[in-house]
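Scroll down for the structure; my scribbles are underneath it.
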Number of protein chains: 2
Amino acid sequence: MQETSKVAPAAAAHDSNGAPAFSPLYQQIKALLTRSLQGGEWVPGQVIPSEKELALRFRVSQGTVRKAIDEMAGDKLLVRRQGKGTFVASHAEASTRYRFLRLTADDGSAPALQRQLLECRRMRASADVVRQLALKPGDPAVQVRRLLLTAQGQPVVLDDLWLPGVLFKGLSAERLLAWEGPLYRLFEVGYSVSMVRAEEKLRAVAASVEEAALLNLPVGAPLLCVERLSLTHGDKPVELRRGLYHTRHHHYRNELS
Amino acid sequence: MQETSKVAPAAAAHDSNGAPAFSPLYQQIKALLTRSLQGGEWVPGQVIPSEKELALRFRVSQGTVRKAIDEMAGDKLLVRRQGKGTFVASHAEASTRYRFLRLTADDGSAPALQRQLLECRRMRASADVVRQLALKPGDPAVQVRRLLLTAQGQPVVLDDLWLPGVLFKGLSAERLLAWEGPLYRLFEVGYSVSMVRAEEKLRAVAASVEEAALLNLPVGAPLLCVERLSLTHGDKPVELRRGLYHTRHHHYRNELS
DNA sequence: GAGTGGTCTAGACCACACT
DNA sequence: GTGTGGTCTAGACCACTCC
């Protein structure tokens, strides 16, 4: 890092590591900030240094830091709060809790579902899980199965999760049962894994005998199958999830633009 | 509009229409630009004036215009092209064609479906259509029914559309059959209706006798039901659409963040 | 009042597209 | 070359939060 001289313009290398970096300055700042998030220098929910301080640290103008943070806020990696500072996004706060769950009651209200853990076991990852989670063949995986039910006890969602065993070492049924709050918050605080974004594939399927029994539905009932691959920083896949949604009184909402 | 004196800071009224406007300047600029889009001053695909010219017109700095345009580009109302100018978004270009269609073949390729028009008729809008399209009771509506099929002729989607009859005066089966290209592009050029954003509700349903016959499936087969409300400027609803997707070889993709 | 993010400005220069 | 959007800077002031 240059210490005294003026920073070179946009197209010039600005890193100290010698790697050519022909990208806008604010993109380089963004990369540096992302690296700090990835490395755990700042953890979810924590304030990051002020724009002025970051501008001094990186020897760029505050406007350049602003632009980097603006984009990261757009990616929901950071959250700006006027007068307070900029915070690392987390799945803990009310506004971002369950932000990946698009299930909505048909009257538009939030679902407010209770959880029922069915299974949590460690296993060798299947070929499909190995592929989607980019594991090595033979790597361990944690499988979790659970139900989400209405307050009246009607099952709505049957969820199956697969997690890389290496990342989620202490995860167990006891740990899951003891945890109150969003699962993704547990992953943040217990395993230092932040879910940053996700890709979903939706299909309509017919309920199998087992699925029908668990969801208290006739065999063959139409179910919305939501297959989700959750990614952390650097687009690294860290969770595969298959949810079967009973959409008689709920639906999956989506906004297009 | 003030002509000579310096523009007042952010929290002051900047409009000439006397309405109090305690919002940032760039938001006011955004509103003015949106009004021009809405009023048809610039049509989809056309260049809008340069940032410098808009800055002169509105008597603000170029940076303020930039911020307004940045947000509108984020909303996909405008498209910036370096060296060329800023353009009104349209559903014509390859990059934005079918941008509301989330259907994907399971191998990840684009679906490339052919259309088969089944019906196009004018009718009195039903109660549900009246409500969702915010019509007046008794208002006319246009209903369109069509199939989307693979190149091999396998039906994949059964689409039902309802449009406000007042806006889509000349729309007919002949007009639809003569049109090549995206439907939403026809709406832009033929009826001056730009689809700006949409809200979708997804469910899994069982195929009815009629639906099964049209989609060449057994009765009761699970189908992905996608109910879409498309909105134009000012969040005015202008299309209600119900698609039934056969998801044996296709799926609905979604990105979460 | 001090510190934070948010807005606005003015000006310089770069990257890109057309001619 | 000219005009467009894209980047970067420096500085002023505003709005919000907390002490």
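Computed from a predicted structure; not experimentally measured. Lettering of chains follows the sequences in order, A, B, ..., and the numbering in each one begins at 1.
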Exercise. Would you classify A:R66 as touching base, sugar-phosphate or nothing, given that sugar-phosphate means primed atoms plus P, OP1 and OP2, and contacts are heavy atoms under 4.0 Å?
Key: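 Base contact - A:R66 has a heavy atom under 4.0 Å of at least one base atom.
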For [N], take OP1 and OP2 only and decide whether either is under 4.0 Å from a side-chain N or O of [X].
X	N	answer
B:R80	D:dG6	yes
A:K84	C:dG5	no
A:K67	D:dC8	no

I want to verify a distance call: between [options], whose nearest atom is closest to the [X] side chain?
X	options	result
A:S50	C:dC8, C:dG5, D:dA10	C:dG5
B:Y26	C:dT9, D:dA10, C:dT7	C:dT7
B:E51	C:dG5, D:dG6, C:dA17	D:dG6
B:P24	C:dC8, D:dG6, D:dA15	C:dC8

What is the distance, to the nearest angstrom, from the [atom1] atom on [X] to the [atom2] atom on [N]?
X	N	atom1	atom2	result
A:E53	C:dT4	CD	P	8 Å
A:L25	D:dT9	CG	P	6 Å
B:Q62	C:dA10	CD	C1'	10 Å
A:M72	C:dG5	CE	C1'	16 Å
B:F87	D:dT4	CZ	P	11 Å
A:K52	D:dA12	NZ	P	13 Å
A:D70	D:dG6	CG	C1'	15 Å
A:I69	C:dT4	CD1	C1'	11 Å

Quiz item: Does the A:T96 side chain pair with the main chain of A:S90, one donor and one acceptor, at a distance under 3.5 Å?
Solution: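 Answer holds: yes.
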Exercise. Check whether any side-chain N or O of A:T232 sits under 3.5 Å from a backbone N or O of A:S194 as a donor-acceptor pair, and report yes or no.
Key: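 The answer is yes, because a donor-acceptor pair under 3.5 Å joins these two groups.
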Quiz item: Regarding B:S172 and B:E174, is there a side-chain donor-to-acceptor distance under 3.5 Å anywhere?
Solution: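 Distance-only check passes for B:S172 and B:E174.
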Quiz item: Applying a 3.5 Å limit to both distances, which nucleotide forms a Watson-Crick or G-U wobble pair with C:dT19?
Solution: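 When the pairing criteria are applied, nothing turns out to pair with C:dT19, so the answer is none.
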Quiz item: DNA chain D: A:T64 or B:T86, which has the more 5' nearest nucleotide?
Solution: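 It is B:T86 whose nearest nucleotide is closer to the 5' end.
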Self-check item: DNA chain D: 5'-proximal contact among A:Q27 and A:Q82 (nearest heavy atom)
Solution: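 Closest to the 5' end, via its nearest nucleotide, is A:Q27.
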Quiz item: For A:E71, what residues pass the side-chain hydrogen bond (donor to acceptor under 3.5 Å, both in side chains) criterion, not counting sequence neighbours?
Solution: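 Checked A:E71 against side-chain hydrogen bond (donor to acceptor under 3.5 Å, both in side chains); matches are A:K30.
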Self-check item: Option from B:E51, B:K52, B:E53 for which side-chain hydrogen bond (donor to acceptor under 3.5 Å, both in side chains) with B:Q62 holds
Solution: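 Going through B:E51, B:K52, B:E53 one by one, the side-chain hydrogen bond (donor to acceptor under 3.5 Å, both in side chains) with B:Q62 is satisfied by B:E51 alone.
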